[in-house]
Structures are given as structure tokens and as C-alpha cells.
Asker: 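One structure, pasted below without further comment.
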Amino acid sequence: MGTRGRQAEAARNDLRLLRAAHEVFTTQGFDAPVSAIAKQAGIGMGSLYRRYRTKEELFQRLCLIAMERVVEAAEAGLAEPDPWEGLALYVRTCVANRAGALAPVAGTIEVTDEMWRTSRRADEAAERLVTRAHEAGVLRNDVTMLDISLLMEQFSRPAAGPPRPEHEHVKQRLLAIALDGLRPPGRTELPGEAPAMEWYERRWGTPP
């Protein structure tokens, strides 16, 4: 096998491994052994450890990919000419990607500089979406970007019990209800102060 062939095979193995890791961690729990990931991916433990020396490195890579997908979802939303449709597309895409599924590892792993930079890119793009929706009058004034991020985080959690087709149907119904709840004027005053970015970031550590 030539160099390109080996590189392509390594890339395929890495993709299988990352998909398996996300599935195992978010369904079996973050204490699941890496052996379960290797088995799910159909690769050997040696291949796994050659790519990721520690479980923390694997978490860091998964978190970075999740944040990159949030950036892509926000940019796709901004490309939509209609402010509400753009915001709704962003929310639906992030929920479909389970963008907040790895939130429980906050505070348990070291956050790399690349992770911080990507997180800020995601936040800035999402803030532009929210600002545009506010200016168009299609998003209630008391809803912030962090409110929406935390809402998506809640929808990223797996349903109780073994996976069933009904779970996706129920999630889509509840997501439709939640999206309607973001529209103005809003019948119920939101309790307390809006979440602060400092609190949001401190869950992961101290930003550089």
C-alpha cells in the first residue's frame, strides 16, 4: 500500500473511532472503557492508542469537532436570508448533531487553546444570529445567545432507556414547542438574570 493509501486508511479508521467514541460516551456514559470504543469502531486497541494516547486526548478531539460543527451550523444559519429561519436552522442542526452532548465533561479535562479559539468563533457566530433575530423582531428580547445554547444542550441528552424510534419523534415535537417559545412577545417573564458568559466558560476552566 502506498503512502496515500495508508493515509486514507488511517483517516477512515480515525473517523470510525471518533463516531464510535461519541456513541459510546453519550449512551454508555463518560466512564465507559476505551476498549468499548475500539470494539464499536472495529479497530484494535493499538490503533486507538497510536492516535489518542489518553482518554483525555480523545475527549479533547471530540469536543473540538463538536464546536467546529456549531460554527458550521451558525454560518449556515447566517446564510439564510430570513432571520427566524436562520436561527431555527441553527438550533435544529445543533440538536441533530447533539452539539451539547459532551457538556458533562466540562471541568474534567484540560481545555486546549484551539478549543478556546473555536468556542469563541462558535459563540461569536451564534451571537450574530441572535442579534439579527432580535433586530428583526422575531426573537423575544429577553432571550440571549447563552439561553439558546443551554436549551440545545438539554436537547442533546439521550432519552432514558434503550434507543427507540419514538424518542426522535418526541424530541422533534418538544423542539417545535421550544422554538415557538422563543418567539416574541413571550407570555411568561423569564425568572432571574440571564446566564453570564463568565459562568458559562468557567464550567470548562479559566480562559487564556
Asker: Are L87 and L89 in one and the same hydrophobic cluster, where Ile, Leu, Val, Met, Phe, Trp and Tyr link if side-chain heavy atoms are under 4.5 Å apart?
Answerer: no
Asker: Quick one: are I148 and V143 in side-chain contact, heavy atoms under 4.5 Å?
Answerer: yes
Asker: Would you call R121 and E124 a salt bridge, taking side-chain N to carboxylate O under 4.0 Å as the test?
Answerer: no
Asker: Is any side-chain heavy atom of R117 closer than 4.5 Å to one of R120?
Answerer: no
Asker: Are any of the side-chain heavy atoms of L179 and R92 separated by less than 4.5 Å?
Answerer: yes
Asker: Under a 4.5 Å cut-off applied to non-hydrogen side-chain atoms, are W116 and T206 in contact?
Answerer: no
Asker: With side chains defined as the heavy atoms from C-beta onward, is the minimum distance between F155 and V91 less than 4.5 Å?
Answerer: no
Asker: Please name the pair of heavy atoms, one in K55 and one in F30, separated by the smallest distance, quoted to 0.1 Å.
Answerer: NZ-O, 3.1 Å
Asker: What are the two closest non-hydrogen atoms of A126 and A74, and how far apart are they?
Answerer: N-CB, 4.1 Å
Asker: Would you confirm whether T131, through its side chain, and E127, through its main-chain N or O, come within 3.5 Å as a donor-acceptor pair?
Answerer: yes
Asker: Where is the tightest heavy-atom contact between P185 and R140, given as atom of each residue plus distance?
Answerer: O-CB, 4.1 Å
Asker: Can L190 be reached from L150 by stepping across I, L, V, M, F, W or Y side chains whose heavy atoms are under 4.5 Å apart?
Answerer: yes
Asker: Between L78 and Y90, is any pair of side-chain heavy atoms under 4.5 Å apart?
Answerer: no
Asker: What's the separation between atom CE in M45 and atom NZ in K39, rounded to the nearest 0.5 Å?
Answerer: 13.0 Å
Asker: What distance do L146 atom CG and L151 atom CG have between them, rounded to the nearest 0.5 Å?
Answerer: 12.0 Å
Asker: For D31, is the CG atom crowded, meaning more than 12 foreign heavy atoms sit under 6.0 Å from it?
Answerer: no
Asker: Shared ILVMFWY cluster between V70 and M115, side chains joined below 4.5 angstrom?
Answerer: no
Asker: Could you walk me through whether C63 and W204 satisfy the side-chain contact (heavy atoms from CB on, under 4.5 Å) test, starting with their C-alpha distance in whole Å, then the side-chain angles of each, then the deciding distance to 0.1 Å, before giving a yes or no?
Answerer: CA-CA 11 Å; C63 288; W204 291 90; 4.0 Å; yes
Asker: Where do I37 and A20 come nearest, in terms of heavy atoms and distance?
Answerer: O-CB, 3.7 Å
Asker: Within the distance-only criterion (no hydrogens, no angle test), does the side chain of Q60 pair as donor or acceptor with the backbone N or O of I109 below 3.5 angstrom?
Answerer: no
Asker: Let me confirm one number: the OG1-CZ distance from T118 to R69, rounded to the nearest 0.5 Å.
Answerer: 14.5 Å
Asker: Decide, yes or no, whether a salt bridge links R203 with E153 under the criterion of side-chain N to carboxylate O below 4.0 Å.
Answerer: yes
Asker: Mark yes when over 12 heavy atoms from residues, nucleotides or ligands other than R98 sit less than 6.0 Å from its CZ; otherwise mark no.
Answerer: yes
Asker: Pair I65, H22 - check side-chain contact (heavy atoms from CB on, under 4.5 Å), show working.
Answerer: CA-CA 11 Å; I65 290 172; H22 192 277; over 6 Å; no
Asker: Can you measure from CE (M67) to CG (L62) and round to the nearest 0.5 angstrom?
Answerer: 10.5 Å
Asker: Would you check, one step at a time, whether the test side-chain contact (heavy atoms from CB on, under 4.5 Å) holds for D142 with D147?
Answerer: CA-CA 9 Å; D142 52 356; D147 287 323; over 6 Å; no
Asker: Give, for atom CG of D123 and atom CE of M197, the distance between the pair rounded to the nearest 0.5 Å.
Answerer: 4.0 Å
Asker: Provide the closest heavy-atom pair for R16 versus I43 in the form atom of the first, atom of the second, distance.
Answerer: NH2-CG2, 3.9 Å
Asker: Taking V95 as the starting point, is it possible to reach M145 by hopping between hydrophobic residues whose side chains are less than 4.5 Å apart?
Answerer: yes
Asker: Distance check, rounded to the nearest 0.5 Å: E80 atom CD versus R132 atom CZ?
Answerer: 8.0 Å
Asker: Mind listing the closest non-hydrogen atom pair of A99 and A66 along with its distance?
Answerer: O-CB, 4.3 Å
Asker: Do L17 and L15 land in one hydrophobic cluster if side-chain heavy atoms of ILVMFWY residues count as linked below 4.5 Å?
Answerer: no
Asker: Given the rule in the side-chain contact (heavy atoms from CB on, under 4.5 Å) test, do F25 and L58 qualify, once you have shown the distances and angles that lead to the verdict?
Answerer: CA-CA 11 Å; F25 285 142; L58 185 52; 4.0 Å; yes
